[in-house]
Amino acid sequence: MREITYRQALNEALAEELERDPNVFLMGEEVAEYNGAYKVSQGLLERFGAKRIIDTPISENGFAGMGVGAAMVGLRPIIEFMTFSFSFVAFDQVVNNAPNMLTMSGGQFNIPITFRGPNGPAHQLGATHSHATECLYANVPGLKICTPATPRDAKGLLKTAIRDNNPVLVLEVELLYSSKGMVEEEDVELLIPLGEAEVKREGSDVTIICYAQTVPLALAAAKTLENEEEISAEVLDLRSIKPLDLDAILNSVSKTHRVVIVEQDRPFCGVGAEVSYRIQKEMFDGLDAPILRVAQEDVPMPYNERLEKAVLPSAEKLIAAVKKVCYA
Amino acid sequence: MSQPEQRDEVEMLSLMLLIRRFEERASQQYQAQKIGGFCHLYIGQEAVVCGTVAAVRPDDYLITAYRDHAHALARGTSANACMAELFGKATGCSRGLGGSMHYFDREHHMYGGHAIVAAHVPLAVGMAFASKYRNEDRVTLCFFGDGAINQGSFHEALNLAALYKLPVVFICENNLFAMGTSVERSTSLKEIVDRAEGYDIPGTVIDGMNFREVRNKLAEIVSSIRGDPHPAFAEVRTYRYRGHSMSDPASYRTKEQLEKYRLDDPITRLRAQLTREEKLTNERFDQMDKEAKETALASVKFAEESPDPPLENLYDYTYVGT
Ligand SMILES: Cc1ncc(C[n+]2csc(CCOP(=O)(O)OP(=O)(O)O)c2C)c(N)n1
Ligand SMILES: [Mg+2]
């Protein structure tokens, strides 16, 4: 194992898969000559050439659609959205074309495509640039969605996504690109299956369910809860939103009997709504308190820093919710 | 209502100075972390929006992309309201809720500040539709960058405007780059203006470093539209001196290119023209520059002292009352 950044982990995943399969190519705005708006594709143009690392004009609908078309005839495109807030320009391709093709063609055309890029609020980017898109895309049958929070998960999930024969969205976290973590050596093939959650911290009193940028937040809150409240929180990182690892969720909850879900999207029809539905359906009698959610406020994102902070989930809000379910 | 000829050129030069000094202050405040998010500076391009507002009426509709500080200032939004917006304060032109990329000012007919590339181009067409619908002779001025012309919404909007003969001027501020991508690397056509031809829209190329040329050509275009609503397209060739945003070192372009445009600076150029014609003294220029700097500095103080938007109003602007 060695310590690398989340950005570098993604970069390694791209490079390894480009190396492994000549049908894989990377396409998007500023991915080649600029080395990526967030430098995730650093050095790939130099290594793999302009045929496979392709700069596009600002035409999200066009190049996402090109990806779907290329996938229909055997290529394995990786389409980078500079951020998933811009994927809305290509919504028709991501929602209507990619995931429907298999059904519409009676099973003839699967679409092995990866859509990737940063997702969720960063810092003071305002209403148009702060979307957490996971709940929108999770509503679409035919799409798979993963949300890595650590360098290791970023590498393992992206590699798996590229090899998957279905459309997969890899929702990265802008604020974590420079964060570091331990990852297997480069000569180890690291593949993390989609649909497998991971316990990031063991605990016995309450389960905190999180993903993407709420994972570090949950870990920090768990530490505080341990030190200051003597509450032992288990932190379960979903890692994939769809498929959802219900077994891992039920395993943890059957141990703790209390749940707080901390999500980076909005509460209305959000990821937490689905997760809590599943939990109560399977183990209503196993719960010692109502499930609580900590999500964004249900408003367009304000630019002002203080207001943005008030809208976003935070460790303080999470701790308050945990204390509530623990009646502490 | 003030007509184009009446807008004094010296006054317009002082507006260009204000924009320049305002943005230099903004840049400094950004580095001091008083301003968050993305911040895109217009420095170098001032003649484009200033030449345009000098050629139109204050009640003509104006809409632009995220590089929008100058557009608001040129429209008459105060430096105080503009700086306060960057600081996210309640006194900002969008109450501190929009930020640098989302300036709005209804009173001054500034309809945004839009941060999704080309998403506002159809809005401009809708605004032009509304003025024609109400038999008004307003013209809509729609600014966007060279990077916007490859979005579907741009193409759909041009076709709609031509089809319905709507009074809108599409003003492409061609500063040669969309982030790190040059026009040659993004666009199949050699000349951006040729995009217009495909939609049967008359197109004009304008030197965007020359205030007078921008004003004169825009005045011509706008007067042809007033009595006979139709769309027009102007490719205004300009240059941004700074990086795409505050975080971009702009290593994709040469020093020589930057120097070439700096030598053609729109402020220096208008100043020289006016000085040659004895309409401007050095003393007057220095005085104007001093005032611009003071206004910019005062706007920082105003922004610093302004309150944050109140937390309890968080939900006030998600819906209006029924
Ligand atoms: C739909 C969409 N895609 C990508 C971006 C990211 N982005 C912001 S500005 C920009 C470049 C635009 O360049 P141009 O239109 O030439 O305007 P300029 O910045 O030169 O003023 C890009 C790619 C965005 N804001 N919206
Ligand atoms: Mg440009």
Side-chain angles (χ1 to χ4, degrees), chain A residues 28-39 45 50 54-65 81-93 121-131 174 266 268 296-312, chain B residues 33 35-39 66 85-90 92 94-102 112-119 145-155 178-183 185-188 244-245 247-248 251-252 308-319:
Chain A
E29 291 156 21
E30 309 288 353
V31 298
E33 295 198 5
Y34 201 76
N35 288 303
Y38 299 100
K39 307 294 173 214
L45 172 65
I54 304 156
D55 275 330
T56 66
I58 308 170
S59 307
E60 285 86 358
N61 190 39
F63 67 74
F81 292 119
M82 195 178 277
T83 96
F84 265 88
S85 287
F86 309 152
S87 73
F88 296 159
V89 177
F91 209 59
D92 191 46
Q93 297 300 341
H123 188 58
Q124 281 198 277
L125 300 186
T128 56
H129 279 52
S130 302
H131 290 283
E174 183 191 327
R266 282 120 181 182
F268 200 100
Q296 285 188 44
E297 294 294 319
D298 201 6
V299 296
M301 186 64 80
Y303 164 72
N304 172 275
E305 192 171 23
R306 207 164 62 109
L307 261 58
E308 182 181 62
K309 194 159 170 266
V311 168
L312 293 173
Chain B
Q33 298 185 332
I35 297 169
F38 290 138
C39 183
Y66 46 83
E85 189 58 35
L86 297 180
F87 278 59
K89 297 300 182 74
S94 302
R95 291 199 166 91
L97 304 179
S100 166
M101 303 194 289
H102 307 115
H114 296 271
I116 297 298
V117 171
D146 47 279
I149 65 166
N150 300 308
Q151 282 288 42
S153 59
F154 167 87
H155 288 270
M179 231 172 233
T181 305
S182 64
V183 174
R185 295 207 304 118
S186 72
T187 303
S188 60
H244 167 73
S245 68
S247 58
D248 169 28
S251 44
Y252 41 80
D308 276 323
L311 268 184
E312 57 274 23
N313 291 6
L314 187 58
Y315 276 84
D316 285 6
Y317 302 110
T318 305
Y319 300 99

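For the numbers below, each heavy atom of this structure counts, side chains included, while hydrogens, waters and symmetry mates do not. Quick note on labels: first sequence line is chain A, next is B, and so on, each numbered from 1.
Contact of A:His129 with chain B is made through the side chain alone, with heavy-atom distances under 4.5 Å. Contact annotation for B:Asn313: neither backbone nor side-chain heavy atoms come within less than 4.5 Å of a heavy atom of chain A. The part of B:Arg185 that comes within reach of chain A is its side chain, from C-beta onward, which places non-hydrogen atoms under 4.5 angstrom from that chain. For A:Glu60, the parts lying under 4.5 angstrom from a heavy atom of chain B are both the backbone and the side chain. Contacts between B:Ile149 and chain A at a heavy-atom distance below 4.5 Å are absent for every atom of the residue.
Counted by atom type alone, B:Tyr315 and A:Glu297 present one or more donor-acceptor pairs between their side chains at under 3.5 Å.
Side-chain atoms of A:Glu30 come within 3.5 Å of backbone atoms of B:Gly180 as a donor-acceptor pair (strictly under, hydrogens ignored). Proximity of a side-chain donor or acceptor of B:Thr318 to a complementary backbone N or O of A:Val299 within less than 3.5 Å is not detected.
Taking B:Gly98, B:Gly152, B:Ala90 one by one and counting their heavy-atom pairs under 4.5 Å with chain A, the maximum is reached by B:Gly98. Note: A:Asp298 leads A:Asn61, A:Asp298, A:Asp55 in heavy-atom pairs under 4.5 Å with chain B. Annotation: maximal heavy-atom pairing with chain B below 4.5 Å, among A:Pro302, A:Ser59, A:Ala37, occurs at A:Ser59. Heavy-atom pairs under 4.5 Å with chain B peak, among A:Pro57, A:Ala310, A:Gly126, at A:Pro57.
Taking CG from A:Asn304 and CG from B:Leu314, the interatomic distance works out to 10.0 Å, rounded to the nearest 0.5 Å. Note that CD of A:Gln124 is 11.5 Å distant from SG of B:Cys39, once rounded to the nearest 0.5 Å. Between atom CD1 of residue A:Ile58 and atom OG1 of residue B:Thr181 there is a gap of 7.0 Å, rounded to the nearest 0.5 Å. For the atom pair OH (A:Tyr34) and CG (B:Asp248), the distance works out to 3.5 Å, reported to the nearest 0.5 Å. Between the CE atom in B:Met101 and the OH atom in A:Tyr303 there is a gap of 9.5 Å [rounded to 0.5 Å].
For the pair B:His102 and A:Thr128, the tightest heavy-atom approach, listed with the atom from each and the gap, is NE2-OG1, 2.9 Å.
Using a 4.5 Å heavy-atom threshold, the side chains of B:Asp308 and A:Leu307 count as separate.
Counting heavy atoms of neighbouring residues, nucleotides and ligands inside a 6.0 Å radius, atom CZ of A:Arg266 exceeds 12 of them.
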